[in-house]
**Student:** 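Please read through the structure below; I'll follow up with questions.
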Amino acid sequence: MKKHEQWNSKLGFILAAAGSAIGLGAIWKFPYMAGTNGGAIFFFLFIVLTVVVGAPILIAEFLIGRNTQKDAVRAYKTLAPGTSWYILGVAGVIFSLILLSFYSVVGGWILSYLLRSVTGSLTNENYGELFNSIIGNPIEVVVCQFIFMVMTIMVVKGGIQKGIERASKYMMPALFLLFILLAFRSLTLDGAMAGVEFLLKPDWSALTAETVLLALGQAFFTLSVGISVMVTYASYLSKTENIAKSAFSVAGLNILICFLAGIVIFPAVFALGFEPGQGPGLVFVVVPAVFNEIAFGGIFLFVFLVLLLFATLTSAFSILEIVVAVLVKDDKAKRGRMTWISGLLIFIVGVPSALSFGVLADVQVFGKSIFDAADFLVSNIGLPLGALFISIFVGHRLPSKLVKTELAQGSKNLNIFFSIWYFVIRYVAPVAILIVFLQSIGIIS
Ligand code: PFF
């Protein structure tokens with residue numbers, strides 16, 4: 001039977017959208033990107049770009065999905081029949097495949113840590129060495145990445161209501177509470193202030209075109225915008241919800257979690273003598289060290305890893321969901337098979353990324369490791385370009401009346417907000433993205 005599903009409740013949608021947004025982007029990527037790109041400058045750029053560009057585009061994606069109630073490809077076909085705009089949906093699917101291919105690698109690292117946390121071998125380690133030995137072990141990384149993908153497949157194949165929504169309700173708040181505890185411990189370490197300064201006191205010399213592009217990519221990455229994942233999620237949303245409010249809740253929560261991650265990591269980095277610019281291992285090295293400073297730290301670390309795994313899974317669900325939704329087209333009978341096929345394909349595409357810290361460490365793509373190249377391609381090319389075209393689509397291609405009516409569903413006082421947002425979507429967002437993009441690839445200086 002062909003029937004488009006719907007979220008069970010308003011909270012269900014917000015939790016699922018927030019679940020997609022909050023994940024490795026805030027907890028793993030944000031700290032190390034800030035750590036390598038000037039700390040406070042990166043953080044402030046990230047906040048400004050999230051509010052000014054990211055959130056308005058999130059609203060635009062919600063609008064497309066909710067209006068059409070269709071998967072990413074058919075949504076554009078419905079709104080702009082007979083045109084090439086549906087390519088935006090196709091590009092979303094392709095970039096989602098690449099995104100999940102390396103996202104699942106990091107999901108696998110979390111599983112490796114979890115395993116060690118259960119066996120008790122995570123206490124008083126040299127965490128830097130431990131991390132390197134894990135990511136360099138070809139069998140372990142691939143097996144763990146595979147398990148992570150199977151977990152993702154098992155939930156996504158159950159459909160959005162039963163699978164995704166139910167799981168999000170309890171784990172997200174729990175993650176939040178644990179983060180607050182951690183922040184408290186980290187801030188009370190000797191020498192913690194240096195870390196707070198690093199996160200909050202800007203060093204203007206770090207402000208470069210590249211930093212702005214990376215912060216823009218980070219804003220899109222953490223909000224899950226640019227590749228129509230949120231179009232897909234909003235297609236399951238009923239007409240009675242206020243999408244602008246939902247978008248700003250998601251953006252606000254996201255900034256908060258990034259801030260918390262920063263305030264956990266950086267004070268500890270400085271207090272415990274780590275290096276802020278060490279790259280993707282940062283969270284994996286620093287967080288266990290902070291737990292070491294807490295009574296019953298081993299147990300807390302285990303809980304933290306479970307919740308981190310959960311946050312990562314809820315994001316992974318959304319990335320796989322866009323692919324599955326496009327393939328299945330509401331034909332329930334196909335869902336199971338298509339989820340397995342696309343999930344396993346993503347796993348295979350991701351194997352080289354998984355191996356790029358070990359046996360494939362010498363292979364370079366555009367001067368980067370395979371993992372970094374895949375990340376760069378998605379975060380700094382796919383997401384910004386996708387976001388650019390989505391803003392042009394909603395701002396200039398869709399009739400303003402349709403846009404306004406859709407945004408007005410479920411909300412009362414729209415006028416001023418609508419005018420500001422519409423101006424941003426039509427002019428500010430596309431121009432900002434274009435300038436940042438062209439500058440970073442060296443076309444303008
Ligand atoms: N927002 C997710 C995170 O921050 O971990 C990652 C992500 C999910 C990016 C879905 C893009 C996307 F479409």
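Quantities reported herein were computed from a predicted structural model and do not represent experimental measurements. Just so you know, these numbers use all the heavy atoms, side chains as well, and skip hydrogens, waters and symmetry mates. Atoms within each ligand, like the ligands themselves, are counted from 1 in listed order.
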**Student:** Using the rule ring-ring contact (aromatic ring centres under 6.0 Å, His included), only one of Y233, Y236, F62 pairs with F13; which is it?
**Tutor:**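 With F13 as partner, ring-ring contact (aromatic ring centres under 6.0 Å, His included) holds for just one option, F62.
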**Student:** What is the closest protein heavy atom to atom 5 (O) of ligand 1, and at what distance does it sit?
**Tutor:**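 Answer, as residue, atom name and distance: Y103 OH, 2.3 Å.
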**Student:** Between ligand 1 and L99, is the shortest N or O to N or O distance under 3.5 Å?
**Tutor:**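 No, L99 has no N/O under 3.5 Å of an N/O on ligand 1.
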**Student:** Evaluate the ring pair (Phe, Tyr, Trp, His ring centres under 6.0 Å) criterion for residues F357 and W109: first the C-alpha distance (whole Å), next the side-chain angles of each, then the deciding distance (0.1 Å), finally the verdict.
**Tutor:** CA-CA 12 Å; F357 297 90; W109 298 346; 5.3 Å; yes
**Student:** Is any NZ, NE, NH1 or NH2 atom of the basic residue among R335 and D330 found under 4.0 Å from an Asp or Glu carboxylate oxygen of the other?
**Tutor:**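 D330 and R335: not salt-bridged.
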**Student:** Taking K239 first and then E406, would you say they form a salt bridge - that is, a charged N and a carboxylate O separated by under 4.0 Å?
**Tutor:**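 Salt bridge flag = yes for E406 with K239.
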**Student:** Output yes when K29 and D375 qualify as a salt bridge under the 4.0 Å nitrogen-oxygen rule, no when they do not.
**Tutor:**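 Looking at D375 together with K29, the answer is yes, because their closest N to O distance falls below 4.0 Å.
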**Student:** Give a yes or no on whether the ring-centroid distance for F291 and F304 is below 6.0 angstrom.
**Tutor:**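 Ring-ring flag for F291/F304: true, centres closer than 6.0 Å.
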**Student:** For the residue pair F30 and F43, is the inter-centroid distance of their aromatic rings smaller than 6.0 Å?
**Tutor:**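 Yes, close enough.
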**Student:** What residue and heavy atom of the protein are closest to atom 10 (C) of ligand 1, and at what distance?
**Tutor:**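 Heavy-atom neighbour on the protein nearest atom 10 (C) of ligand 1: S224 OG, 3.3 Å.
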**Student:** Taking only heavy atoms of I227, which atoms of ligand 1 are found under 4.0 Å from at least one of them?
**Tutor:**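 Numbered from 1, ligand 1 contributes 13 (F).
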**Student:** Around atom 9 (C) of ligand 1, find the nearest protein heavy atom and jot down its residue, atom name and distance.
**Tutor:**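 So the nearest neighbour among protein heavy atoms is F221 O, 3.3 Å.
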**Student:** Give me the residue, atom name and distance of the protein heavy atom closest to atom 13 (F) of ligand 1.
**Tutor:**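 For this ligand atom, the closest protein heavy atom is V229 CG2, 3.0 Å.
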**Student:** Nearest protein heavy atom to atom 4 (O) of ligand 1, by residue and atom, and its distance?
**Tutor:**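 Ranked first by proximity to atom 4 (O) of ligand 1 is A21 O, 2.8 Å.
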**Student:** Which ligand 1 atoms does T222 reach within 4.0 Å, using its non-hydrogen atoms?
**Tutor:**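 Selected atoms, number and element: 1 (N), 4 (O).
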**Student:** Below 3.5 angstrom, do we get any N/O pair linking L223 and ligand 1?
**Tutor:**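 No; the residue has no nitrogen or oxygen that sits under 3.5 Å from a nitrogen or oxygen of the ligand.
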**Student:** Side chain, backbone, both or neither: which part of T312 comes within less than 4.0 Å of ligand 1 when only heavy atoms are counted?
**Tutor:**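 T312 to ligand 1: no contact under 4.0 Å from either part.
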